[in-house]
Amino acid sequence: MCGIIGYVGSRAAVPILVEGLKRLEYRGYDSSGVALVGSGGLSIAKAAGRISALEQVIDLDAPQSLGIGHTRWATHGAPTDINAHPHADSSGRIAVIHNGIIENDRALRTYLERKGVVFTSETDTEVLAQLIGQLYDGDLEQAVREALREITGTYGMAVVCADEPNVIVAARQGSPLIVGVGKNEHILASDAAAILAHTTQVVFLGDGQMARITPDDLKLTTLDAMPVANDVEKIEWSLDEIELAGYDHFMKKEIHEQPASLETCLRGRVDTREGVVHLGGLVDCARDLVRAKRIILTGCGTAWHAALVGEYLFEELVRVPTEVEYASEFRYRNPIIDDGTVVIAVSQSGETADTLAALKEANQRGALTLGVVNVVGSTLARATDAGVYLHVGPEIGVASTKAFTGQVTVLALIACYLGRRKHMSPAAASQFIDALEKIPEQVAAILAQADKAEVVAEAYCKKDNWLYLGRGNNYPVALEGALKLKEISYIHAEGLPAAEMKHGPIALITEAMPVVVIATAGSQYQKIMNNISEVRTRGGRVIAIATEGDREIAKIAEHVLYVPDTIEPLQPLLTSIPLQLIAYHAAVLRGCNVDKPRNLAKSVTVE
Ligand code: M6R
């Protein structure tokens, strides 16, 4: 959603800010703006729409070497030029950019209006700017500190002042901020992607921390002015990973990166010969995990689907009752957390508001909490007791692809790690790990036949309703396939456990309807073949995802996309790939904006 960039150093700020804003575009936004401070004071430029609209209204050759920039995703007030950030106080000397939501903005607005302040926008952020302006008495850091004492809500924010042309003050409460450390310069951002072109050395701000940033100094304190010393950390992502590298879209690139991303995810974590999984992030809590009586997996969207796959893995390998909860439901439903309940939050970004709130609830109720997260240093990673990173590299396309397979892989690793400590024999664990290690090359084999998925997309991309059916481990894949298709191609699609079709949705099946059926070899193969017959009888067009070598299925399905054979619990890692490809090609053929679908943001950081 919203994005923050700030620069203070010796170079001209504008090119760095604009490039940073472009790197943040993938998060979703509807307006953008910058504020610059120099000898001539404070200047602000902002525009609704794409960053190209902002480029029309700023001086791209401006000499100032201090500035802040913002991409806004409207919450308080329409996406207009006026509501875009930065927001200035009435004196026009202070400018603020802000991610998050100020919950007591109404009360503060009324208070300030009584003092004669005239507001120009409908935003909660302007309240912050006006409040800081009222409190400013020659020390920006102090004014921000005092203002934040009055604020309830969440923020990642940055403030500049015409009277302090060398200083950016930033603060974080629930919305990420990172400071990139360069040579005589600092770059502030809400996302590492905006910093990587300049430095990989970063300092993560923690919740309740403030930063006073000048070209050669970074002072960190708590909101109560107590000094803090966060380590300088290295971001492992490279610039190549956040660029298109010749691909038409990030989604396509990320689909094709999966053999490599899964290999990285597994690297150093498995030992087939010994039948052992090494997960450094779990060592400190391994004893408590082994004693767990119940596991709750939680997340949103694709992460929730990965969690559903995890449920099958945990019950099969760990033999502990496992439930999956939408994070948005968990947080509000007075969840029962007993002694021995472990809550595992699954997330690519580690910044999804509902998942963070569910985690907070779990922490407050005393659960042992784990994170299965991609973004290193994210809020979720910091708020869990322990966890395992995906290490699949940055995911820029809004549609989650390599993060899904990374999440499933990590959940499979955790399941095997715990299973082996409980009742799994070394031989069984070796067999499981052996199958897991083959997955990257098997994914590569599926991708080598990507054109077959394109043929399917071509045949049916004009159909406005699709069904996806799967059973057992592949039921969550049916949900994920349908989500992929609808979010990027705007085709209505529903995913179902195949047997549920008979209880209502079968009424939808006509000759016009494509039905994707995941029908790989395994314990439910015959059942799913029966489901295919039911669809065919009603004239539905069956696109089957089947195991290589299955010739029977070609006789009853219109199209078959084959995947290599693997053990049933790991099939989702393979069967999800053709579904990602179908969704991608359908969206391209329909002329949709694949990487930035309408109304969607990469990280949903508001409720
Ligand atoms: O960053 P997270 O994994 O927490 O995001 C959760 C969902 O918002 C996300 O998976 C969403 O459903 C994707 N756009 C789906 O492709």
Side-chain angles (χ1 to χ4, degrees), residues 1 26-28 73 175-176 190-193 249-252 254-255 258 297-310 324-331 344-360 370-384 387-390 392-411 468 476-477 479-491 493 495 576-577 579-584 586-587 592-607:
M1 292 191 151
Y26 80 99
R27 302 181 66 91
W73 197 83
S175 197
S190 51
D191 183 323
H249 301 99
F250 280 108
M251 182 181 178
K252 186 173 185 188
E254 286 155 10
I255 290 173
Q258 288 174 107
L297 294 158
T298 191
C300 302
T302 289
W304 183 78
H305 296 153
L308 281 178
V309 178
V324 181
E325 284 267 14
Y326 281 114
S328 54
E329 291 296 317
F330 180 87
R331 62 183 292 191
I344 306 182
V346 183
S347 174
Q348 188 287 129
S349 62
E351 303 297 345
T352 300
D354 283 324
T355 311
L356 290 175
L359 179 64
K360 191 170 166 198
L370 302 191
V372 170
V373 189
N374 193 32
V375 178
V376 174
S378 56
T379 307
L380 195 144
R382 284 159 183 271
T384 41
V388 183
Y389 282 119
L390 309 185
V392 297
E395 190 179 69
I396 307 287
V398 162
S400 197
T401 51
K402 63 175 179 174
F404 173 77
T405 48
Q407 286 157 351
V408 172
T409 301
V410 166
L411 290 168
Y468 285 72
V477 179
L479 303 188
E480 174 60 7
L483 175 63
K484 281 295 83 92
L485 188 72
K486 65 187 139 191
E487 72 176 323
I488 57 167
S489 71
Y490 316 142
I491 293 171
S576 55
I577 309 294
L579 307 193
Q580 295 172 351
L581 289 165
I582 291 173
Y584 171 75
C592 298
N593 188 343
V594 176
D595 285 334
K596 297 179 202 122
R598 70 182 178 215
N599 306 335
L600 282 172
K602 180 65 184 160
S603 301
V604 184
T605 53
V606 293
E607 208 185 332

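Quick caveat, the model's predicted, so the values are computed rather than measured. Each ligand, and each atom within it, is numbered from 1 in the order the structure gives.
Close approach to G301 involves these atoms of ligand 1, each under 4.0 Å from a residue heavy atom: 12 (O). Against a heavy-atom cut-off of under 4.0 Å, S349 is close to the following atoms of ligand 1: 1 (O), 2 (P), 4 (O). Interface of K484 with ligand 1, defined as ligand atoms under 4.0 Å from a residue heavy atom, comprises 15 (C), 16 (O). Proximity to A303 (heavy-atom distance under 4.0 Å) selects the following atoms of ligand 1: 3 (O), 10 (O).
Take A358 and apply the side-chain contact (heavy atoms from CB on, under 4.5 Å) test, not counting sequence neighbours, and it matches T298, A327, F330. Scanning for ring-ring contact (aromatic ring centres under 6.0 Å, His included) contacts around F250 gives an empty result, with sequence neighbours left out.
The nearest heavy-atom contact from the protein to atom 16 (O) of ligand 1 is E487 OE2, 2.4 Å. Looking at atom 5 (O) of ligand 1, its nearest protein heavy atom turns out to be T352 OG1, 3.4 Å. The single protein non-hydrogen atom nearest to atom 11 (C) of ligand 1 is T302 N, 4.1 Å, given as residue, atom name and distance. The protein non-hydrogen atom at the shortest distance from atom 8 (O) of ligand 1 is V604 CG2, 4.1 Å. If you check which protein heavy atom lies closest to atom 6 (C) of ligand 1, you get C300 O, 3.3 Å. The nearest heavy-atom contact from the protein to atom 3 (O) of ligand 1 is Q348 N, 2.6 Å.
Considering backbone and side-chain N/O of S400, one or more are found under 3.5 Å from N/O of ligand 1. Geometrically, ligand 1 and V398 share a nitrogen or oxygen pair separated by less than 3.5 Å. Residue S347 has at least one nitrogen or oxygen atom sitting less than 3.5 Å from a nitrogen or oxygen atom of ligand 1, judged on distance alone.
Q580 and Q258 are linked by a side-chain donor-acceptor pair at a separation below 3.5 angstrom, with hydrogens and angles left out of the test. Residues S576 and K484 have side chains that never bring a donor and an acceptor to within less than 3.5 angstrom of each other. A donor-acceptor contact under 3.5 angstrom links the side chains of Y26 and D191, judged on distance only. For the 3.5 Å distance criterion, the side chains of E351 and S378 fail to qualify, holding no donor opposite an acceptor.
Residues F404 and H305 place their aromatic rings such that the two centres sit no closer than 6.0 Å.
Residue contacts with ligand 1: A399 is included, with a non-hydrogen atom under 4.0 Å away.
T352 and C300 get closest at one heavy-atom pair: CG2-SG, 3.9 Å.
When each of Q407, K402, Q348 is checked for a side chain to side chain contact (heavy atoms under 4.5 Å, CB included) with N374, only Q348 meets the rule.
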